[in-house]
Amino acid sequence: YLIKDLEGKTRFSAIMGNVNLYRLYIERALQITKQGGRVRIVSPESVLREKSSSPLRKLLVVEHEWDSVWSFPEDNRIFVGGTNGVAVLGITTGGKTQVLTSFGPLEAKDLSSKKGLEKNAPFLELERGPWSIWTDTTWAVPKMPRNSLERDRTLRAINKLADKPRLTEQGTWLNPSGKTIRVRVGEGDQNSWSEYIVDWDNENDTGFPFIRGDHIEKGKESVKLKHPAFNNDSIDDERLANSLWIGPNKVRKNIRIACHAQINTNLERRLYWTVIPEGCVLGNSVSYLDFPKEVLESLSERFGSTEEAMKAIVNQLNSEEIDLWAKAWAANNNVNNYEIETLPFPPLNETT
């Protein structure tokens with residue numbers, strides 16, 4: 001394919017980030033279809049939410065009538081040998097989108113040879129105005145639960161949080177300074193630093209706690225840091241393995257907030273947040289919030305100490321509504337940094 005034609009003009013407008021061929025294929029299909037023509041096309045379901053597909057979604061909404069999408073989540077095996085999620089887009093070329101009917105999550109049993117979909121297939125109508133506010137005009141399509149009660153809970157969470165400040169947004173109560181909170185990956189790459197990451201030995205007092213994703217888990221009432229350095233309960237062998245850092249001291253950091261993302265979409269939660277004590281090293285399976293000094297000073301003054309501020313923020317990040325939001329806008333099983341950066345984060349005096 002050519003990004004520009006022979007006259008040097010841009011041939012495709014929906015290009016952002018990695019250039020996936022399916023996005024170019026969708027745009028080319030619209031280019032060669034006459035005005036008012038009908039296009040129905042199969043694509044990866046990630047096109048509905050991934051950041052790099054936002055220019056394509058804008059094109060579908062602003063310059064065409066994108067009226068329907070069928071969403072089949074991963075592992076539904078609509079196609080033999082495929083495990084990724086599948087979306088079927090229904091578009092009329094030209095015009096403007098007013099309402100998108102999103103059918104899903106669908107299963108094979110929802111398909112009908114006579115009418116396309118069975119009448120009881122779950123669906124959600126996205127009206128242009130509210131949809132624009134939900135997504136800040138990125139036109140992402142939320143991933144909804146199939147159960148009606150869970151759908152209602154998710155919709156309530158989206159409606160409540162859509163206009164709230166974002167976690168890394170500047171000029172908010174959390175981030176009043178000109179510095180931006182960053183989302184970073186843990187510094188301990190287990191491949192590059194493997195010689196410095198060893199099993200925990202209670203009799204060995206040298207080294208520092210090495211925190212992996214497996215050390216952060218959901219307890220009965222809250223998310224817990226289950227590491228032998230901080231937990232007096234019985235610790236199984238899995239958490240003792242690769243839990244001690246014996247490498248350079250400069251790698252360890254001050255107190256911070258870490259996030260372990262679950263890639264299994266069937267689990268109760270998607271994001272697990274906890275406070276990581278001072279002096280620990282994080283594995284690269286864990287992300288953390290990097291607070292500018294100015295933000296930490298502001299939070300410490302408000303809450304009395306940095307530790308109390310971290311606890312208050314973690315409690316809100318672990319709220320049901322924020323996790324419902326995270327699951328609804330997940331592009332795929334992996335959690336990208338931009339998903340964390342754009343999480344809604346109301347002031348702590350607002351009940352979430």
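Scope of the values below: all heavy atoms of this structure, side chains included, with no hydrogens, waters or symmetry mates. Bear in mind that the values here come from a model prediction, so they are computed numbers and not experimental data.
The main-chain N or O of Asp199 is never found under 3.5 Å from a side-chain atom of Ser243 such that the two would form a donor-acceptor pair.
The distance from atom OG1 of Thr92 to atom CG of Leu60, rounded to the nearest 0.5 Å, is 11.5 Å. We find the OG-CD1 distance between Ser192 and Ile197 to be 9.0 Å, quoted to the nearest 0.5 Å. Here the CZ atom belonging to Arg49 is positioned 11.5 Å from the OG1 atom belonging to Thr138, to the nearest 0.5 angstrom. To the nearest 0.5 angstrom, Leu289 atom CG is 7.5 Å from Ile340 atom CD1. A distance of 9.0 Å separates CG in Asn175 from OG in Ser298, rounded to the nearest 0.5 Å. Within the model, atoms CG of Leu271 and NZ of Lys327 stand 9.5 Å from one another, a figure rounded to the nearest 0.5 Å.
Under the 30°/60° scheme for interplanar angles, the aromatic rings of His227 and Phe230 are found to be tilted. Taking the six-membered ring where tryptophan is involved, the planes of Phe103 and Phe123 are tilted, since the angle between them lies from 30° to 60°. Using bins of under 30°, 30° to 60° and over 60° for the plane-to-plane angle, the ring pair Tyr196/Trp245 lands in the tilted bin. Between Tyr272 and His260, the ring planes are tilted. Angles from 30° to 60° get that label.
Ion pair Asp290/Lys253 not flagged as a salt bridge, since none of the NZ, NE, NH1 or NH2 atoms sits closer than 4.0 Å to an Asp/Glu carboxylate oxygen. With salt bridges taken as basic N to acidic carboxylate O contacts below 4.0 Å, one links Glu339 and Arg270. Ion pairing between a basic and an acidic side chain is recognised when a charged N comes within 4.0 Å of a carboxylate O; Arg23 and Glu27 show no such pairing. A salt bridge is absent between Lys179 and Glu297: the closest approach of a Lys/Arg side-chain nitrogen to an acidic carboxylate oxygen does not fall below 4.0 angstrom. At a threshold of 4.0 Å, the pair Asp110-Arg146 counts as salt-bridged, since one of the basic side-chain nitrogens sits closer than that to a carboxylate oxygen.
By the side chain to side chain donor-acceptor pair (under 3.5 Å) test, Glu65 pairs with no residue at all, sequence neighbours left out. Listed by chain and number, the residues in a side chain to side chain donor-acceptor pair (under 3.5 Å) with Trp134 are Asn159 (sequence neighbours excluded).
Looking at Thr97 and His64, their side chains never come closer than 4.5 Å, going by heavy atoms from C-beta outward.
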Apply the test side-chain hydrogen bond (donor to acceptor under 3.5 Å, both in side chains) to residues Glu50 and Ser53: give CA-CA distance (whole Å), side-chain angles for both, the deciding distance (0.1 Å), then the verdict.
CA-CA 6 Å; Glu50 63 188 355; Ser53 288; 2.6 Å; yes
Take Trp173 and Phe345 through the test ring-ring contact (aromatic ring centres under 6.0 Å, His included) and record every step on the way to the result.
CA-CA 10 Å; Trp173 74 271; Phe345 200 78; 5.7 Å; yes
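Figure legend: Arg57 and Trp66 shown without cation-pi pairing, the cationic atom not lying both under 6.0 angstrom from the six-membered ring centre and within 45 degrees of its axis.
By the 6.0 Å contact criterion, NZ on Lys58 is open, its count of non-hydrogen atoms from other residues, nucleotides or ligands being 12 or less.
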